[in-house]
Amino acid sequence: MSSVDDVLSGLDPEQREVAEAVRGPVCVLAGAGTGKTRAITHRIAYAVRSGVVDAPSVLAVTFTTRAAGELRQRLRALGAPGVQARTFHAAALRQLTYFWPRVIGGEAPSVIESKLPVLAEACRRLRRSSERSELRDIAAEVEWAKVTQIGPEDYVAAAAKHHRNPPAPPEEVARVYEAYERIRRERHLVDFETILELTAAVMTEHQEVAAQIRQQYRYFVVDEYQDVNPLQKLLLDTWLGGRDDVCVVGDPNQTIYSFTGATPRYLTGFSVEHPDAKVIKLVRDYRSTPQVVDLANLVIAKGRSPHRLELVAQRPDGPRPAFHEYDDEPAEAAGVARAIRKLLDQHVPSREIAVLFRTNAQSEAYEEALSKAEIPYVLRGAERFFDRPEVRQAVVLLRGAARSVSGEPLASEVHHILAGIGLTPAPPGGGRAREKWESLKALADLAEDMAAEGADLPGFVTELERRAAEQHAPPVEGVTLASLHAAKGLEWDAVFLVGLTDGMIPIIFAETPEQIEEERRLLYVGVTRARRHLSLSWALSRAPGGRRSRRPSRFLDGLTGRVASAPRTVTATRERRQVAAPVSCRICAKTLVTAAEQKLGRCASCPADYDEALLESLKAWRTATAKEAKIPPYVVFTDVTLQAIAERAPTSEQELLSIAGIGRVKLDRYGEAVLSLCRSAGS
């Protein structure tokens, strides 16, 4: 075994500082591509091998099963195999299941893998029909409420306070939430949020349990700390029990899950909570070229966050990021497909190319364009690799074959077995058949890699089972299509950021300054996924021949001066932008930045002057209109739009249309009623 000091070799000065800070509290602010996992695994290994802590006393928690598996794998390689690396939920469930018979009695509750069946039952009990898409959105609201410790009785007020956009009226969501909790308790079930809550409660109410857990775990490391929610923080504090031997790692620039209840304030306020904390910044970016890093820094620098990290590129130069403007969405998708074909012709592997978009609904155009170009693709965030029917079937067959000794080499035996369920020498044309073939080919390629290392079939099956448990899928040949949220934590040689228009990023529902800033960070995450090639594009209209009324995302303002190979000329882009002049505050004349400010026509800090009675009348009218149409009130008009109407008190259609967010459709549908209320208020 290598010496203890060998654990520190190969680290840069900041990473080494992290590794040598073996006692907490420690806060590591780690930018994208700066080697944070390397730094914290070397820190744990150095602490274990130098005798600071025993490996079983370390609990490293992260957010995904795959990330936890990667931590364990790296720690084994560094000579610290006994460290516990788990997700919050896995660690809590393990403890809850162990102590349940002793302190509560009876059989431990069953875990709900998905809230949807129970929510569907709740809706049936309430005699309420809900489509699957709405159930998914309600599930997200229930999860947000539970992680922020908000019960059904407080949901309506909390949703309004936090500017939530629920899929149904808040009162309806609260009723479904209450019924869901009732059914869950009746059936002795726990969901992921309840697991954390109950574990913290058992430790709080049973001191002998707390003492045993704290005796076991004395040394904590928390990855992705910017994504911790209040419930996870409650459990972490309960685990710590007043101790401070904790190291947290995160990037304030990559806070993109606030809508789920996650908050960066625990990361940015760590040194306030722990005044003697050691704070170390990792800013050397080993992932991306200087050109990509420069753009990432510019995107985040235009924001308002005081906690941003400025990256310093360590790689050689590469091509400049390209900005492309298209007439419509199909043209954009076709242009991206052509650019991907060029990269493939330059021998960039398809698995090293990604197309990233703001919403999953945008993927359809790119699926169609890539299929037409006969380019294989993989949808990330859809069905997980080891859950695919062909993969499950293959694992069953391989497991059965491993029970007997054939003497055949691993690679040829696996190819022979997989040929029986669809693996052919050449891939089929496309569609589902191509997806199935790519899955089987990924298994065959993994077998060839392991055969080169001397593995046999039983060893290969064991590796597959480990990977399935950790959701560590082998690389599948194909261009990745994914949302920006699903892409976090991943990287590719070439990234195409598409659909970058105002209303998409920032998404139209983002109205508060905090929500706008989170959308900016989401774009930053997209930019920093690229190692070398980066393309950013947008379309001026949805369909061919449509009105070209869209504008590029405001986050790109001032960044698109160097347009490479754009389908439209730079001059045309600049001329079009001159038409869309910046909006100024009608009170102080300052340029307005956020959508909410532009809608109000004033800065958020400038004084508002409006008729309160008119605003109340508008709200009452909106409630009645929404109820009659059976739609959420915000679909009629958002609170910010009603505020803008009350402040402007328009008396003509033209004045009403001048308010941002009110178009011809809303004017035709609601204009007469709104103008009538405004005229009545002014008389």
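Residue indices begin at 1 and follow the sequence shown.
- Note on ring orientation: taking the six-membered ring where Trp is involved, the planes of His89 and Phe192 are tilted (angle from 30° to 60°).
- For Thr268 against Pro252, the heavy-atom pair with the smallest separation is CG2-CB, 4.3 Å.
- Ring-plane geometry between Phe259 and His485 is classed as perpendicular, the angle between the planes exceeding 60 degrees on a 0 to 90 degree scale with a lower cut at 30.
- For the pair Lys146 and Asp191, the salt-bridge criterion is met [side-chain N within less than 4.0 Å of a carboxylate O].
- A salt bridge is defined here as a Lys NZ or Arg NE, NH1 or NH2 lying under 4.0 Å from an Asp or Glu carboxylate O, and Asp227 with Lys488 meets this definition.
- Using a cut-off of 4.0 Å between Lys/Arg side-chain N and Asp/Glu carboxylate O, Arg550 and Glu329 are scored as salt-bridged.
- By the 4.0 Å N-to-carboxylate-O rule, Arg175 lies too far from Glu171 to be salt-bridged with it.
- Looking at Lys161 and Asp154, no side-chain N of the basic residue comes within less than 4.0 Å of a carboxylate O on the acidic one, giving no salt bridge.
- Of the charged side-chain nitrogens involved, at least one lies within less than 4.0 Å of a carboxylate oxygen, so that Lys372 and Glu368 count as a salt-bridged pair.
- When all heavy atoms of Ala179 and Leu126 are compared, the closest pair comes out as CB-CD1, 4.2 Å.
- Between Trp621 and Tyr670, the two ring planes are perpendicular [angle over 60°; tilted spans 30° to 60°].
- Under the 4.0 Å criterion applied to side-chain N and carboxylate O atoms, Arg184 and Glu193 are not assigned as salt-bridge partners.
- How far CG of Asp328 is from CZ of Arg547: 15.0 Å, rounded to the nearest 0.5 Å.
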